[in-house]
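Notes follow the structure.
The sequence lines fix the lettering, A, B, ..., with proteins before strands; numbering per chain opens at 1.
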Amino acid sequence: MTRFGMVIDLKKCISCYACTIACKQEHFIPPGIFWNRLLISETGEYPQVTRWTYPVLCNHCGEAVCVGVCPTGATAQRRDGIVTIDPNKCSGCEYCVIACPYQQRTVYKDDKREYFPGQGLTEYEIIGRKLYPFQTGTVTKCNFCVERVDAGLKRGLKPGVDREATPACVLTCPPKARHFGDLDDPRSNVATLVRVRKGRQLHPEFDTEPSVFYLD
Amino acid sequence: MRSYEWMVTYTPQTVWIEGKGVLIWLSLYAGMLGGGTYLAGLYFNNLPGMVLGWLIILIIKGGLHLAHAERPSRLWRMMLRPQTSWISRGLILTILLIVFGALQIAFSLWQRASGIEILVRVLAGICAFGIIVYTGFTMSCVRGVPFWNSALLPVLFLLWAFLTGLTLVQAIDAHVDTRAATAGNLVLLIASLIFVVIYLGIASYGEPAVKESARALTKGRLAPILFIGIILIGMVMPLAISFSGYVTGALSAPSVLVLVVCVIVGGLSLTYAALKAGLYSPLSPAGS
């Protein structure tokens, strides 16, 4: 079986937000909605201060609670582990937003909002609404660039290895902190990193089996 | 909450309590209120009670869900996943109660005590019970909000739904045995009080996010709702009124009215506090 996952090396991440921007560009994500975020925080007091940066996105959990709670079947898990939302089925009940312990889901409500308020839609927004239309009142989240993955697979490419089949955030990351691939393939880049560098998941106590691993 | 604190510190659940989410709070409570009233009406064989419970579910609960729905035309789809989703189960139970309730009320008027009337009555009662239960389970199955993730929550909601139903039926039917009804009130109020104390007691020794929720309820921003809304208005005042009714064997109409108002305010406070106290654990070690 294939189970796509991501490994993020926290030692390499330089908090540049390139992943956030690349994700926005790739999917024409409207203002106020993020599929990729950086959580930046500090602990301790001067001079013993630690800065924490956590790039967060949908974890595409193996035991995805969002899939179970979705009453319409709009949220579904593919055989390769990617959790997707069908906007044509979503009723906007927001139960998945509540149920996600990682808070990675957002309801798209305001289609009047512009990137530059009062100045009209930019060319980017106009094209985006045609190419990647979001439906108001439906839930949205990271889909591991499933369009790129599927297009690449059709061409016989390997996600995580070949650029055309790899998520945009992974491609754009300047320090190469992000890796994508098949977690179930023991020879893949991600499985090797998780095994060798003891990758860990966020909140494993929820038994959701996230497919996003972090390396300290 | 500032944007840079989001999921770095304990992040409150806002979706079901702020903005349009207020409708979900009210609809969850309406489910308890309507289901409890229907069951109490059924227990006392009181048709107005059953009609009232049915109307609460049909108009208030149904209306609030419709008002909240972002895509009302797709609501029918929400019945498609009863095997895993409590919302699906709840919607199916609500629709079944509306149908069986209508039939039962009709049979009560024209074919009272017939076999089919009793059958429909049992089915409607099961649906009413299911609506109350689903309210609690919809919240308690959310593991991401550890404060809700407790088996005690559905029981607490169940007790409060029975209590509200009992007091409402007392209010609309003067023939209900006051001593029996007030005894029921006392048992349910004392049981609810014990459950609230146990719930908060367990939460105070739970994982950090649960402790934080318990702290917000007992010492923080939600303390007035707990101590004034739930305990004083929702429990102490109804206890005093019910106790006097039990001792004297009679309750004046204004006392019953105050009792109903207190129990409804207590129930609204209980559901509000539960929803508002829900917190997500931080994703970053800085918040731990």
Side-chain angles (χ1 to χ4, degrees), chain A residues 10 32 34 37-44 49-56 59 63 65-76 86-109 135-139 202-203 205-208 214 216, chain B residues 3-9 11-17 19-21 23-24 65 68-92 137-139 141-146 148-149 207 209 275 278-288:
Chain A
L10 297 177
F34 294 90
R37 299 175 194 242
L38 286 191
L39 301 184
I40 298 177
S41 55
E42 290 177 359
T43 51
V49 179
T50 308
R51 188 170 191 263
W52 303 90
T53 301
Y54 273 80
V56 291
N59 283 275
E63 295 293 328
V65 284
C66 52
V67 175
V69 301
C70 177
T72 65
T75 296
D86 182 347
N88 294 317
K89 289 182 181 172
C90 179
S91 66
C93 72
E94 301 178 80
Y95 199 15
C96 57
V97 180
I98 290 275
C100 174
Y102 308 101
Q103 287 290 278
Q104 294 303 320
R105 291 173 160 250
T106 319
V107 183
Y108 175 52
K109 287 185 176 170
Q135 290 187 29
T136 51
T138 61
V139 175
L202 292 178
H203 288 306
E205 73 274 16
F206 290 131
D207 296 328
T208 51
Y214 292 87
D216 291 314
Chain B
S3 60
Y4 57 81
E5 290 176 339
W6 181 85
M7 295 310 279
V8 169
T9 56
T11 303
Q13 175 289 123
T14 55
V15 175
W16 277 0
I17 199 64
K20 222 176 166 185
L23 300 174
I24 290 290
H65 279 300
H68 176 265
E70 295 287 348
R71 294 259 168 185
S73 60
R74 294 179 188 168
L75 278 179
W76 65 272
R77 283 190 173 276
M78 291 170 69
M79 291 186 289
L80 301 178
R81 297 285 293 278
Q83 65 274 30
T84 57
S85 176
W86 275 104
I87 287 202
S88 258
R89 292 168 194 162
L91 182 62
I92 291 169
F137 278 109
T138 299
M139 288 170 67
C141 75
V142 177
R143 295 188 69 183
V145 182
W148 297 351
N149 190 223
E207 61 176 277
L275 287 164
L279 294 174
Y280 293 96
S281 301
L283 298 179
S284 161
S288 319

* To do: Could you tell me which of A:Cys100, A:Gly44, A:Cys70 has the largest number of non-hydrogen atom pairs under 4.5 Å with chain B?
  => A:Cys70

* **Leading residue by heavy atom contact count with chain B [cutoff under 4.5 Å; candidates A:Leu202, A:Val56, A:Thr136, A:Thr50]** => A:Thr136

* Pairwise side-chain contact, B:Val8 with A:Tyr54, heavy-atom cut-off 4.5 Å (strictly under) -> no

* Taking the side chain as every heavy atom from C-beta outward, state whether B:Arg74 and A:Thr138 have any pair of such atoms under 4.5 Å apart. => yes

* To do: Specify the closest pair of heavy atoms between B:Met78 and A:Cys93, including all atoms of both residues, with the distance to one decimal.
  => CE-CB, 3.8 Å

* To do: May I ask you to name which of A:Ser91, A:Gly137, A:Pro71, A:Pro101 has the most heavy-atom pairs under 4.5 Å with chain B?
  => A:Pro71

* **Value rounded to 0.5 Å, distance of CG in A:Asp207 from CZ in B:Arg143** => 4.5 Å

* **Minimum-distance pair of heavy atoms, taken over all atoms of A:Val97 and B:Tyr280** => O-OH, 3.7 Å

* **Spacing of A:Glu205 atom CD and B:Glu207 atom CD [to the nearest 0.5 Å]** => 6.5 Å

* Determine whether B:Ile24 and A:Glu94 make a side-chain contact, defined as any pair of heavy atoms from C-beta on separated by less than 4.5 Å. => no

* How far apart are the closest heavy atoms of A:Tyr95 and B:Thr138, and which atoms are they? -> OH-O, 2.6 Å

* To do: Could you tell me whether a side-chain N or O of B:Arg71 sits under 3.5 Å from a main-chain N or O of A:Gly92, the two making a donor and an acceptor?
  => no

* Tell me, please, which residues at least two apart from A:Asp86 pass salt bridge (Lys or Arg N to Asp or Glu O under 4.0 Å). => none

* With chain A, which of B:Ser85, B:Gly21, B:Pro82 has the greatest number of heavy-atom pairs at distances under 4.5 Å? -> B:Ser85

* Distance-minimising heavy-atom pair for B:Arg77 and A:Asn88 -> NE-O, 4.1 Å

* Report yes or no: does A:Tyr102 contribute a side-chain atom to a donor-acceptor pair with the main-chain N or O of B:Gly144 at less than 3.5 Å? => no

* Shortest non-hydrogen separation from A:Gln104 to B:Trp6 and the atoms involved -> NE2-CH2, 4.0 Å

* To do: Keeping the roles fixed (side chain from B:Arg81, backbone from A:Val67), state whether a donor-acceptor pair exists under 3.5 Å.
  => yes

* Asked: If you look at every heavy atom in A:Ile98 and B:Val15, which pair is closest and at what distance?
  -> CD1-CB, 3.8 Å

